[in-house]
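Bear in mind the structure is a predicted one, so any value in this text is a computation, not a measurement.
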Amino acid sequence: MNKRWSFSNIMLVLGLLFIYVPMLILVIYSFNGSKLVTVWGGWSVKWYVGLLDNQQLVGSVFRSLEIACYTAISSVALGTLAAFVLTRIPRFRGRTLFGGMVTAPLVMPEVITGLSLLLLFVAMAQMIGWPQERGIVTIWIAHTSFCSSYVAVVVSARLRELDLSIEEAAMDLGAKPWKVFMLITIPMIAPSLAAGGMMSFALSLDDLVLASFVSGPGSTTLPMEVFSAVRLGVKPEINAVASLILLTVSLFTFFAWYFTRRAEERRKRAVQEAMESNATDWQQKSSTATA
């Protein structure tokens with residue numbers, strides 16, 4: 001068989017088609033002029049224009065984005081702290097229990113997690129009077145509770161790969177621990193923090209089960225809105241919203257890749273220039289010593 005059409009290449013192409021062809025069909029049908037999603041009625045952008053009048057759907061989009069942003073920030077903060085405890089404090093009482101509690105949301109069914117959080121919020125409302133009603137705050141807490149686990153796993157893997165001698169050298173030179181953390185540790189784990197933040201944002205934006213348990217009146221998220229609409233039949237506005245989300249995610253991914261690539265090229269260029277400078281200095285010193 002031709003190397004170009006080997007088994008691995010064929011499976012790769014089939015996998016990519018399996019993932020992206022449904023998305024392409026969704027984008028095409030978002031320009032369908034017919035009210036029936038399954039019947040093609042010609043090209044039209046009226047469903048995109050009609051989104052401006054659908055305040056309920058647009059409101060659920062901005063609400064989901066708001067919750068996702070809050071979740072990404074809080075999950076990165078809590079997950080990073082948990083990762084530091086698991087990697088930088090090798091032995092302490094209850095370490096096994098703490099590690100199990102950090103990773104438990106990864107394997108816990110979302111139905112169980114959602115029901116547990118619902119019972120927790122109800123019990124707290126009866127005991128201390130908060131939360132008086134379930135809404136954006138309770139959804140944010142629920143999303144943070146399981147997104148932090150993903151961040152902790154990602155950041156822990158990065159922390160285990162770091163060379164501690166760099167941090168120890170900085171502290172030997174008189175740097176305070178917080179300064180070492182801000183100026184040395186954070187830049188070195190920045191890619192994992194960014195990955196954890198984007199993962200938390202995507203998981204929060206996509207969540208349906210947890211939000212269904214801990215949401216209240218006036219706090220419907222986009223997945224809940226889409227799910228309730230799909231049960232009555234897919235509407236063309238849903239395709240338009242999904243297409244806009246795909247466009248936004250694609251642009252964000254492209255710009256992230258572009259700036260990351262430029263930063264990597266600058267780093268490689270700086271390393272090469274430093275090596276050339278060192279080689280030049282060594283040659284000058286060698287020639288001076290010989291003379």
R88: partners by salt bridge (Lys or Arg N to Asp or Glu O under 4.0 Å), with sequence neighbours left out: E167

Heavy atoms from other residues, nucleotides or ligands near CD of E133 exceed 12 (cutoff 6.0 Å): no

Nearest-0.5 Å distance that lies between atom CD1 in I67 and atom CG in L205: 10.0 Å

Crowding at CE, M101 (>12 non-hydrogen neighbours, <6.0 Å): no

Closest contact, heavy atoms only, A82 versus V102: CB-CG2, 4.2 Å

Greater than 12 external heavy atoms within 6.0 Å of Q56's CD: no

Steps toward side chain to side chain contact (heavy atoms under 4.5 Å, CB included) verdict (T144, Y70): CA-CA 9 Å; T144 303; Y70 295 156; over 6 Å; no

Of L162, L159, V155, the residue whose pairing with T87 passes side-chain contact (heavy atoms from CB on, under 4.5 Å): L159

Non-hydrogen side-chain atoms of F146 and M108 separated by less than 4.5 Å: no

For V111, side-chain contact (heavy atoms from CB on, under 4.5 Å) partners two or more places apart: V209, F213

Qualifying residues under ring pair (Phe, Tyr, Trp, His ring centres under 6.0 Å), relative to F181, sequence neighbours excluded: F84

Distance (rounded to the nearest 0.5 Å) between T185 OG1 and K179 NZ: 13.5 Å

V85 and F98, any side-chain heavy atoms less than 4.5 Å apart: yes

Candidate pair S215 and T138, rule side chain to side chain contact (heavy atoms under 4.5 Å, CB included), full reasoning: CA-CA 7 Å; S215 63; T138 55; over 6 Å; no

ILVMFWY cluster, V13 and L24 together (side-chain gap under 4.5 Å): yes

Flag side-chain contact, heavy atom, 4.5 Å: S34 against V39: yes

Closest non-hydrogen atom pair between V151 and T80, with its separation: CG1-N, 4.2 Å

Close side-chain approach of I245 to L222, heavy-atom, < 4.5 Å: yes

Point-to-point distance, once rounded to the nearest 0.5 Å, from CG of L208 to OG1 of T221: 7.0 Å

Any I189 side-chain heavy atom under 4.5 Å of S192 side chain: yes

Those residues that, when tested against W130, pass ring pair (Phe, Tyr, Trp, His ring centres under 6.0 Å) (two or more places apart): none

pair M188-I184: side-chain heavy atoms closer than 4.5 Å: yes

Ring pair (Phe, Tyr, Trp, His ring centres under 6.0 Å) involving F31 - partner list, sequence neighbours excluded: Y48

Minimum side-chain heavy-atom gap D206-P223 below 4.5 Å: no

Of all pairs that satisfy side-chain hydrogen bond (donor to acceptor under 3.5 Å, both in side chains), the ones with a partner from residues 148-161, not counting sequence neighbours: none

same_hphob_cluster(V45, V241) at 4.5 Å side-chain heavy-atom cutoff: yes

Side chain to side chain donor-acceptor pair (under 3.5 Å) partners of D163, counting only residues at least two apart: S165

Set of residues satisfying salt bridge (Lys or Arg N to Asp or Glu O under 4.0 Å) with respect to R134, sequence neighbours excluded: none

Non-hydrogen atoms of P131 and A125 that approach each other most closely: O-CB, 3.3 Å

Interatomic distance, L115 atom CG to L120 atom CG [nearest 0.5 angstrom]: 11.5 Å

side-chain contact (heavy atoms from CB on, under 4.5 Å) partners for Y29, two or more places apart: I25, N32, W40, N239

Closest non-hydrogen atom pair, S243 against L26: OG-CD2, 3.5 Å

F18 atom CZ, over 12 foreign heavy atoms within 6.0 Å: no

Side-chain heavy-atom pair L117, T113 within 4.5 angstrom cut-off: yes

Residues which pass salt bridge (Lys or Arg N to Asp or Glu O under 4.0 Å) with E237, listed by chain and number, not counting sequence neighbours: none

Side chains of D207 and S204, donor plus acceptor under 3.5 Å: no

Derivation of the side chain to side chain contact (heavy atoms under 4.5 Å, CB included) call for I136 and R63: CA-CA 8 Å; I136 293 179; R63 194 176 299 113; 4.0 Å; yes

Contacts of type side chain to side chain donor-acceptor pair (under 3.5 Å), residue W47, not counting sequence neighbours: none

Residues, nucleotides or ligands: over 12 heavy atoms within 6.0 Å of E276 CD: yes

Residues that E273 engages under salt bridge (Lys or Arg N to Asp or Glu O under 4.0 Å), provided they are two or more places apart: none

Test log, rule side chain to side chain contact (heavy atoms under 4.5 Å, CB included), inputs I141 and S145: CA-CA 6 Å; I141 295 174; S145 65; 5.6 Å; no

Separation of W43 CH2 from I28 CD1 (nearest 0.5 Å): 5.5 Å

Approximate separation, where rounding is to 0.5 Å, of S30 OG and L247 CG: 10.5 Å

Single-linkage hydrophobic cluster I19~V27, side-chain heavy atoms < 4.5 angstrom: yes

